[in-house]
2 protein chains.
Amino acid sequence: MKSTAQASEPCCPPAKEQADLRPVEGDEADEELATLAKALAHPARVKIVRILIRKNACICGDIVDELPLAQSTVSQHLKVLKDAGLIRGDVDGPRVCYCIEPHALRRLRALVGGL
Amino acid sequence: MKSTAQASEPCCPPAKEQADLRPVEGDEADEELATLAKALAHPARVKIVRILIRKNACICGDIVDELPLAQSTVSQHLKVLKDAGLIRGDVDGPRVCYCIEPHALRRLRALVGGL
DNA sequence: GTGGTCCATCGTAGAGGAACGATGAAGTCG
DNA sequence: CGACTTCATCGTTCCTCTACGATGGACCAC
């Protein structure tokens, strides 16, 4: 069951639609917004996020094929996004399946909207 | 000459509410979002933006008093924000009057929302 | 003019980011 | 088992960011 089937492997379960009650202002919110913004502060990482949103199912190293960067560089960018909480990576056999963390994206929108 | 600059006049006139027709996807949008995100990728700069929004009129070096940073450091952060197009600085006598660029903020919201 | 305030810029030191190739761990297939 | 794939991590180089004090320009009051 593991033959290059795109958008069929559900490694990213439908996240529960739970409201985020944290404030959108204050020192903590500032730090949080700065962290999320820093994660998006590179065009390659913006592209990665877009790719993961477009193929809402998760993919692994197809990202490398879509970017003009070395595999190790892409892996670094993925790590930055993961450390910021924007994406998730689940091991699936020999591959790793990345996907968006929808609540982090919502949180980012809330913080930017709160400006 | 410009002798009509009175103290009570906000140096930031109500910007025209002109819609931004540029796309929220594509390579250019990626670069743009990365640039704006990088400008917000530091807590001090997030705080500066909030200060300028709160006092919707413009202020100058009161920002320095609100931050635990040296004047030169704050000036550098202001330059980063200005270069990114997020704020504007108008010289008003011996002071400089900073204020938000509302259309840049709207653009940022559109780009983040377009994710 | 002199003196004082406000602010940008310079110079510098240290920390962190971005890129790559090389290496190796973990897993799959024959 | 052995060969191959996939990906993270290491080590390196170069460049940018962040912070500060010091310097100097522009402006106002006197």
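First the proteins, then the strands, lettered A, B, ... as listed; each starts at 1.
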Scan nucleotides 25-30 of chain D against the protein and return all N/O pairs shorter than 3.5 Å with their distances rounded to 0.1 Å.
none

Within 6.0 Å of NZ in K38(B), more than 12 heavy atoms from elsewhere: no
Within this structure, what is the [atom1]-to-[atom2] distance between [X] and [N], rounded to whole angstrom?
| X | N | atom1 | atom2 | result |
| --- | --- | --- | --- | --- |
| I59(B) | dC7(C) | CD1 | P | 10 Å |
| L67(B) | dT18(D) | CG | P | 14 Å |
| I87(B) | dC7(C) | CD1 | P | 13 Å |
| L40(A) | dG17(C) | CG | P | 15 Å |
| L78(A) | dT9(D) | CG | C1' | 14 Å |
| K79(B) | dT16(D) | NZ | C1' | 14 Å |
| D90(B) | dA8(C) | CG | C1' | 16 Å |

If we only count heavy atoms from C-beta on, is the [X] to [Y] side-chain gap below 4.5 Å?
| X | Y | answer |
| --- | --- | --- |
| L40(A) | L115(B) | yes |
| K79(A) | K82(A) | no |
| I51(A) | I59(A) | yes |

Holding to salt bridge (charged side-chain N to carboxylate O under 4.0 Å, His left out), I want the full list of residues that pass it with [X], two or more places apart in sequence or in another chain.
| X | result |
| --- | --- |
| R107(A) | D20(A), E32(A) |
| R109(B) | none |
| E25(B) | none |

Closest heavy-atom pair and its distance - R50(B), V24(A): NH2-O, 3.0 Å
Any donor-acceptor N/O pair, T35(B) side chain to E31(B) backbone, under 3.5 Å: yes
Any donor-acceptor pair under 3.5 Å from R88(A) side chain to C99(A) backbone: no
Can you check nucleotides 18-23 of chain C for protein contacts, nitrogen or oxygen pairs under 3.5 Å, and list what you find?
| from | atom 1 | to | atom 2 | distance (Å) |
| --- | --- | --- | --- | --- |
| dA18(C) | OP1 | R45(A) | NH2 | 3.3 |
| dA18(C) | OP2 | R45(A) | NH1 | 3.0 |
| dA19(C) | OP1 | H42(A) | NE2 | 3.3 |
| dA19(C) | OP2 | H42(A) | NE2 | 3.4 |
| dA19(C) | OP2 | H77(A) | NE2 | 2.6 |
| dA19(C) | N7 | Q76(A) | NE2 | 3.1 |
| dC20(C) | OP2 | A70(A) | N | 3.0 |
| dC20(C) | OP2 | T73(A) | OG1 | 2.9 |
| dG21(C) | N7 | S72(A) | OG | 3.3 |
| dG21(C) | O6 | S72(A) | OG | 3.1 |

Pair K55(B) + E66(B), salt bridge at N-O below 4.0 Å: yes
DNA chain C: stems of at least 3 consecutive Watson-Crick or G-U pairs whose donor-acceptor distances fall under 3.5 Å: C:1-30 with D:1-30
